[in-house]
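So you know, we letter chains A, B, ... as the sequences are listed, proteins then strands, and number each from 1.
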Amino acid sequence: MPLLDVENVSRRFGGLVALDKVAFSVSAGQIKSIIGPNGAGKTTLLNVVSGLLSADTGRIQFRDSRIDGLKSHQIAQGGMSRTFQNPSLFLQMSVLENVMVGRHPRTRCGFAACCLRLPGQIREERRIRESALEHLRFVGLEGMAGAPAGALGFGERRMVELARALATEPSLLLLDEPASGLNNRETADLGELIRRIRERGITTLLVEHDMSLVMDISDDILVLHNGTPLAEGAPAVIQNNEEVIRVYLGTGLEDAAASQKS
Amino acid sequence: MLLKRLFPVIGFAALAIAVQLGAGALGKEFYLTQLTMAIYYAIVVMGLCLLMGFAGQVSLGHGAFFAIGGYTSAVLTTSDFSRFQDSLWAAALKRIHVLIPKADLYGGQVLTTTPWAAFVAAMLLTFLIACLIGYPALRLKGHYLAMATLGFCLIVNKIVLGTAWLGAADGISGVPEWNLAGGLVISGRSAVRVQNYYAACALALFLLILLANLVHSRVGRALQAIHDRETAAGAIGINTARYKLNAFVLSALLAAAAGVFLTHYTAGIGPSEASALKSVRYVALAAAGGMSNPWGAALVSTAINFLSLRGWFGTYDNAVFGAVLILIISIAPQGPLKPLGLWIRRLLSGARSAAGGEHAAS
């Protein structure tokens with residue numbers, strides 16, 4: 001039984017078919033990547049899976065229950081967390097507070113308890129803070145806890161957003177182009193981090209253009225082209241798939257990677 | 001941490017006492033009456049701060065909620081229910097002291113609602129109406145709430161103006177005092193002026209503490225997250241529609257509560273309280289104090305409303321509030337207090353470093 005099972009999912013925007021009968025699955029413990037040319041529907045697929053967009057047809061199963069048609073916050077509460085192509089931190093808050101928001105689905109105090117600062121609320125608040133600090137430490141940014149989120153560089157924002165997503169204790173983590181905008185060093189660190197996330201028992205599904213990263217960390221790759229799956233398999237299989245080379249990978253992996261970095 | 005939390009509380013309490021003593025010493029104790037009214041209006045603004053500064057939603061209908069609170073209370077406490085005396089429900093309400101017999105001006109007996117029961121009724125009615133308006137408008141992203149509440153405010157204004165039993169253009173007068181508890185009476189009589197001033201201060205301070213607790217909590221962070229990036233907030237697991245609705249209903253309840261208190265204090269309420277201009281005025285005051293700073297908003301709004309109630313702005317009253325809104329948004333969108341504080345700090349550190357420089361030179 002896969003952790004995430006996507007069946008026959010289609011989505012159109014007006015006359016444009018963004019996703020056409022896409023089917024794939026992610027098993028627990030995997031690192032799975034979705035690749036494909038710009039406009040292939042990768043981000044749309046991620047948005048449909050995480051509930052930001054609704055699917056026109058098909059069904060999505062996550063942890064034994066259907067999630068298509070659910071709101072994004074319900075899916076997040078069910079154990080799926082995501083990051084965005086452009087890190088979307090809450091810029092009015094500190095770095096620590098951003099990660100503390102990530103504890104939201106795993107904590108309970110409501111309006112009344114928070115207004116009155118009931119003893120349980122004070123204890124919960126302390127636990128939220130400790131857990132958020134732990135997640136910041138995991139991405140190596142505990143030193144920035146007090147800084148305003150707006151003061152961070154692009155790469156650091158990525159990491160804080162990742163810490164925030166991890167703070168929700170997901171069983172499935174969706175990353176939308178986590179390496180874009182990062183330099184080579186940062187990208188290598190990111191690959192290491194994604195492996196450490198897997199060691200914590202968290203499954204990762206990522207959309208990524210950086211082929212060196214994708215080929216390095218993925219157990220399994222799905223290639224999308226014009227909204228339909230073109231190929232699926234282990235990195236070695238995908239690298240040698242003629243169709244994939246023709247529409248996406250082109251003359252060589254180095255070129256694909258280089259064009260992303262420029 | 002604790003000191004930082006306590007500082008504004010102590011500061012506000014000290015300021016309230018200083019103002020009362022100052023007014024007494026200057027022989028201007030009657031100022032406290034308008035100050036008390038201004039503080040009740042500030043409670044509306046505090047609620048708007050929560051909604052605008054934290055949940056990021058604008059309401060142009062808080063005047064209407066104020067009026068719903070005030071009118072509900074006024075109608076229930078001034079109407080005579082004695083013709084229902086023999087009905088089962090009236091008897092039941094009488095037994096639990098919701099309805100009480102009272103002597104009227106002409107020596108007859110009337111049966112009216114107690115102010116406490118009227119207050120509860122006003123809160124329940126406001127809760128229902130706020131849910132009805134907020135639920136559809138807040139499921140959507142964007143400024144639908146502002147439009148819905150503006151329409152709602154215009155309707156309420158026309159209803160109170162056009163309904164005979166709501167006093168039409170005259171409003172309702174003769175609202176009785178509210179015997180709150182332990183001899184504390186909400187009333188505009190000059191004998192209880194100081195007492196009422198402190199009651200209003202205490203209520204406002206209590207609500208400010210609750211709001212401050214709220215904004216520095218899980219709920220406050222969730223609201224701020226929605227304000228900043230609604231999509232990301234949803235993707236983290238925050239039920240954005242519900243949190244926005246809760247903040248809206250809570251702020252509507254604060255406005256209605258202020259309406260109940262002020263109606264008992266001034267012994268009446270008029271239809272202008274439900275006007276759209278009043279609602280815009282609250283928005284301007286919330287902005288003027290710094291929307292995400294309930295303390296500043298309470299302070300600034302009490303001051304400006306006090307001046308307005310003293311008639312400082314004359315016939316340009318509403319124009320002044322419009323000008324305040326424009327000035328704040330163009331010069332200091334975060335509210336004037338933060339830039340002012342930074343400016344003072346810079347001035348102080350400048351003076352200190354200048355003094356240090358002289359010292360080094362000598």
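Looking at A:Q121, only its side chain comes within 4.5 Å of chain B, counting heavy atoms on both sides. For B:L211, no part lies near chain A; criterion is any non-hydrogen pair under 4.5 Å. Neither the backbone nor the side chain of A:L174 comes within less than 4.5 Å of any heavy atom of chain B. For A:T168, the part lying near chain B is the side chain, with the backbone staying farther off; criterion is any non-hydrogen pair under 4.5 Å. Only the side chain of A:F84 comes within contact range of chain B, with heavy atoms under 4.5 Å apart. Interface residue A:L52: only side-chain heavy atoms are found under 4.5 Å from chain B. Interface remark: A:E161 contributes no atoms to any contact with chain B (heavy atom separation under 4.5 Å). For A:E125, the part lying under 4.5 angstrom from a heavy atom of chain B is the side chain only. Contact of B:H216 with chain A is made through the backbone alone, with heavy-atom distances under 4.5 Å. Proximity to chain B (any heavy atom under 4.5 Å) is restricted, for A:R108, to the backbone atoms N, CA, C and O.
Residues A:C109 and B:R218 share a closest heavy-atom pair of O-NH1, 2.7 Å.
A distance below 6.0 Å separates the ring centres of A:H104 and B:Y243.
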